[in-house]
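Hydrogens, waters and symmetry mates are skipped; everything else that's a heavy atom, side chains included, is used. Chain naming here is simple, since letters A, B, ... match the order of the sequence lines and numbering starts at 1 in each.
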4 protein chains.
Amino acid sequence: MSDVSAVAGDHLRSFIERIERLEEEKKTIADDIKDVYAEAKGNGFDTKVLRKIISIRKQDQNERQEQEAILDLYLQALGMGPDMPDE
Amino acid sequence: MSDVSAVAGDHLRSFIERIERLEEEKKTIADDIKDVYAEAKGNGFDTKVLRKIISIRKQDQNERQEQEAILDLYLQALGMGPDMPDE
Amino acid sequence: MSDVSAVAGDHLRSFIERIERLEEEKKTIADDIKDVYAEAKGNGFDTKVLRKIISIRKQDQNERQEQEAILDLYLQALGMGPDMPDE
Amino acid sequence: MSDVSAVAGDHLRSFIERIERLEEEKKTIADDIKDVYAEAKGNGFDTKVLRKIISIRKQDQNERQEQEAILDLYLQALGMGPDMPDE
DNA sequence: CACTGGAAAATGCCGC
DNA sequence: GCGGCATTTTCCAGTG
C-alpha cells in the first residue's frame with residue numbers, strides 16, 4: 001500500500017474507532033434507560049403512561065424553544081437582539 | 001392530595017427526572033457522533049461508505065453473538081448447559 | 001360532495017381496499033408459519049432452536065447482500081460504477 | 001451420522017425450508033403493500049393519514065369481532081349456540 | 001424540500 | 001399471566 005493510502009487508512013480507522021466508541025457509550029445509556037423503565041414498572045408504574053408523559057414533556061420543551069426562537073427573531077427584526085442590547 | 005398520592009407522585013417525578021437526564025446524555029453522545037461524521041466528511045471521506053462500513057462491522061458482531069447463542073441453545077438441548085457441565 | 005371529492009374518495013377507497021386485501025393475505029401466511037412451527041414442535045423439535053437457526057440463516061443472507069452493497073459503494077467511490085464502466 | 005439422526009435431520013431441514021418459503025412469500029406481500037403506499041403517495045395521498053385510517057378500520061374490525069364473540073358466549077350460556085340451534 | 005435509509009419505539013407473540 | 005424477544009411501525013436525520 002502506498003504511503004498516502006496508508007495514512008488515509010489510519011485516518012479512516014481512527015474515525016471508525018471514535019464512532020464505534022461513541023456508539024457503545026450510547027448503547028450503555030440506552031440500556032440504563034431501559035433499566036429505569038423496568039425499575040419503575042417494578043414499582044407499579046405503567047411504562048406506557050410513563051413514556052407518554054415523557055414524550056409530552058419533550059414536546060413542551062420543543063414548543064417552548066420554538067417560541068423563544070420566534071421571540072428572538074422578532075427582537076432581532078426590531079434591532080433588539082438579545083445578545084447585543086445596547087448596540 | 002393524600003399522603004400516599006404525594007409519595008407516589010414524588011416517586012414518579014423521580015423516575016421521570018432520571019430518564020430525562022439519561023435521555024439528555026444520550027442526545028449529547030448522538031450529537032458527538034454526528035460531529036465525528038462531519039469531521040470525517042471534512043477530511044474527504046464519503047459518509048455513506050463510512051456508515052456502511054460501521055454497519056457491517058456491527059452486523060459481524062451480532063453474527064458472532066448469534067452463533068454463540070445458538071451454540072448455547074444446542075448445548076442446552078443436549079442437556080449440557082454451559083454452567084452445569086456434568087449435572 | 002363535489003365531483004372531484006367523489007373521485008378522490010373513490011380513489012382513496014380503492015387504495016385502502018387494496019392494502020387491506022394484501023394485509024389479509026399477509027396475515028394468512030403469518031398464520032401458516034405459526035402452524036408449521038406448531039407442527040415442528042409436535043414432532044419434537046425445539047421451537048426456540050428452530051427460530052434461532054432460521055434467524056441466523058437470514059442474517060447470513062443479509063450479510064452477503066451487505067458485502068455486495070459495500071463493494072458497489074467502493075466501486076462507485078472509485079468512479080467505477082457497475083453500470084458505467086468506462087465513463 | 002446415524003440413521004435416526006439422518007432422518008431427524010431431513011425432517012428438520014424440511015421444516016426449515018417450509019418456513020423460509022413462507023417467509024419469502026410474506027416478504028413479497030409486504031413489498032407489495034409498500035408499493036401500494038408509494039403509489040397512493042404518488043397520487044397525492046398522505047401516507048401517514050392513510051396508515052391511520054387503515055389502523056382505525058382494523059381496530060373497528062377487532063372490536064366488532066370481540067362483540068360477536070361475546071354475543072356467542074351469551075348465546076352458548078343460554079344453550080343457544082349459533083351452529084347447533086336445536087341441539 | 002421530498003425521499004430514502006436507518007434508528008428508536010410500540011406492538012404482539014411465544015414460552016415459562 | 002407476565003417477561004423477554006422478535007417483528008412491525010414510526011420517526012428523524014442525511015442526501016440529492
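In this structure, A/Arg21 pairs ionically with A/Glu25, as a charged nitrogen and a carboxylate oxygen lie closer than 4.0 Å. Ion pairing between a basic and an acidic side chain is recognised when a charged N comes within 4.0 Å of a carboxylate O; C/Glu66 and B/Lys52 show such pairing.
Atom NZ of C/Lys27 is separated from atom C1' of E/dT11 by 14 Å (rounded to the nearest Å). If you measure from atom CD of B/Glu66 to atom C1' of F/dA6, you get 11 Å, rounded to the nearest angstrom. Put simply, CD1 on C/Ile33 is 15 Å from C1' on E/dG12, counting in whole angstrom units. When rounded to the nearest whole Å, the span between CD of B/Gln76 and P of E/dC16 equals 10 Å. Here the C1' atom of nucleotide E/dT11 and the CG atom of A/Asp46 are 14 Å apart, to the nearest Å. Put simply, CG on C/Asn62 is 15 Å from C1' on E/dG5, counting in whole angstrom units. Atom CD in C/Gln65 sits roughly 15 Å away from atom C1' in E/dG5 (whole-Å rounding). What separates CG of A/Asp31 from P of E/dA9 is a distance of 12 Å, to the nearest Å.
Side-chain atoms of D/Ser14 do not come within 3.5 Å of backbone N or O of D/Asp10 as any donor-acceptor pair.
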Show me the side-chain donor-acceptor pairs of residues 40-47 of chain B shorter than 3.5 Å, one per line, residues at least two apart or across chains.
{"from": "B/Asn43", "atom 1": "ND2", "to": "B/Glu39", "atom 2": "O", "distance (Å)": "2.8"}
{"from": "B/Asp46", "atom 1": "OD1", "to": "B/Lys48", "atom 2": "N", "distance (Å)": "2.8"}

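Rounding to the nearest 0.5 angstrom, the gap separating the CG atom in A/Leu22 from the NZ atom in B/Lys34 is 13.0 Å.
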Base-contact (B) and sugar-phosphate-only (S) positions in nucleotides 8-16 of chain F, heavy-atom cut-off under 4.0 Å, - elsewhere: S-SS-SSS-

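Think of D/Ile70 as one node in a network of Ile, Leu, Val, Met, Phe, Trp and Tyr side chains linked at under 4.5 Å; its network also takes in D/Tyr74.
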